[in-house]
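Structure first, then comments.
Letters A, B, ... mirror the listed sequences (proteins, then strands); counts begin at 1.
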Protein chains: 2
Amino acid sequence: MELDNIDRKILGILQRNNRLANVELAEEVGLSPPACHKRVKRLRDENIIIGDVSILNPELTGNKLTLLVSVEMERDRKEVYDAFKRVVNQAPEVKHCYQITGNYDFVMVVGVPDMQAFERFVDQVLHTDTNIRKFQTSVSLRTVKSTTEVQLSEF
Amino acid sequence: MELDNIDRKILGILQRNNRLANVELAEEVGLSPPACHKRVKRLRDENIIIGDVSILNPELTGNKLTLLVSVEMERDRKEVYDAFKRVVNQAPEVKHCYQITGNYDFVMVVGVPDMQAFERFVDQVLHTDTNIRKFQTSVSLRTVKSTTEVQLSEF
DNA sequence: GTTGAAAGCCAGTAACT
DNA sequence: AGTTACTGGCTTTCAAC
């Protein structure tokens, strides 16, 4: 489906604040409330908007430690990869995971309360997977930026 | 401020779906609507909930390409780092950026529509910064996982 | 913490251009 | 696509417990 400039405007606003009342959103984009409401509904129905969430303060909710883990698999086989992906998706410590090109096969961003929790994660998730050849961990000293916003190029 | 189990329950629900009506949220956590409403308000006021956003489909909104860029700075000086952090925060292509220990100083997750856009990003952001000694880019073949959820250990 | 009530605002629908 | 008109339901606040 094609997005016009009003759609992009709506998305731009909602991806910053989705608690804005439809009446106000409508005014901001220059539509009547029902017309705006219909567009938002369509954007949800067509999976342009895939979720609506509250963002929690990681500091205040027990994710004080962030680590970056690069993983190299034993074999480049689909089953091996798929199994790893399944594990990753079930591990709540893993915030982001990318399959990448280069020396390593995956990079993960891991969030935990403390080093003990990370050790547990390593033991339970990484050391139990026999398909992992090796992994390398970097400690994050600071999250410089973290956003869910995507760029919506206006035309 | 201390979070009790009801708070954690509320947060756990809202960080998955913040469009749930307060009446329903109240029922799910076993409180009356006003009591639940008060708690949510407090969680926002105290910055436990730091934002409420719609998550957009990156595929459908022009962020088809994800890259991981590791950056090594020329000098380990605060001003140099701070300048880089400022640039990173203003660049909409940068979704996440972590200051890390190890061989590199920063790792960034960059989202762009295509390779051309990435080249522009490299030219405008990375090559113009004389404090960057070098950087290394990995292409993400697939986003295995990406979540905003934090773990809320229940007691 | 609860219930009950009240006010007003909003979401969501309908009918129509 | 868009509008205006409507209504039922919800948020939000209050008072009393």
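In this structure, CG of A/L3 is placed 15 Å from C1' of D/dA1, rounded to the nearest angstrom. In this structure, NZ of A/K38 is placed 13 Å from P of C/dA15, rounded to the nearest angstrom. Per the geometry, CG belonging to B/N18 stands 16 Å off C1' belonging to D/dC10, to the nearest Å. Residue B/L31 contributes atom CG, which lies 16 Å from atom C1' of D/dT12 at whole-angstrom precision. Whole-Å rounding puts the B/I6 CD1 to C/dT2 C1' distance at 13 Å.
Comparing A/R42 and A/P34 by the nucleotide of DNA chain D that holds the closest heavy atom to each, the one mapping nearer the 5' end is A/R42. Heavy-atom nearest nucleotides on DNA chain D were determined for B/K41 and for A/R39, and the one closer to the 5' end corresponds to A/R39. Both B/R19 and B/D4 lie close to DNA chain C; mapped to their nearest nucleotides by heavy-atom distance, the more 5′-ward contact belongs to B/D4.
Judged by distance alone, the side chains of A/D52 and A/N18 do bring a donor and an acceptor atom under 3.5 Å apart. Side-chain contact, A/D76 with A/Y81: a donor N or O sits under 3.5 Å from an acceptor N or O. A donor-acceptor contact under 3.5 angstrom links the side chains of B/R8 and B/N5, judged on distance only.
A/P33 comes within 4.0 angstrom of no nucleic acid atom, judged by non-hydrogen atoms across all strands.
The side chain of B/H37 contributes no N or O atom lying less than 4.0 Å from OP1 or OP2 of D/dT11. Side-chain N/O atoms of A/S32 include none lying less than 4.0 angstrom from OP1 or OP2 on D/dG2.
Salt bridge absent: B/K64 and B/E59 never bring a charged side-chain N and a carboxylate O closer than 4.0 Å. Of the charged side-chain nitrogens involved, none lies within less than 4.0 Å of a carboxylate oxygen, so that A/R75 and A/D105 do not count as a salt-bridged pair.
Ring to ring, A/H127 and A/F135 are close: their centroids are under 6.0 angstrom apart. Ring-centre distance between B/F106 and B/Y98: not below the 6.0 Å cut-off.
For DNA chain D, none of the residues of residues 20-30 of chain A falls under the heavy-atom distance limit of 4.0 Å.
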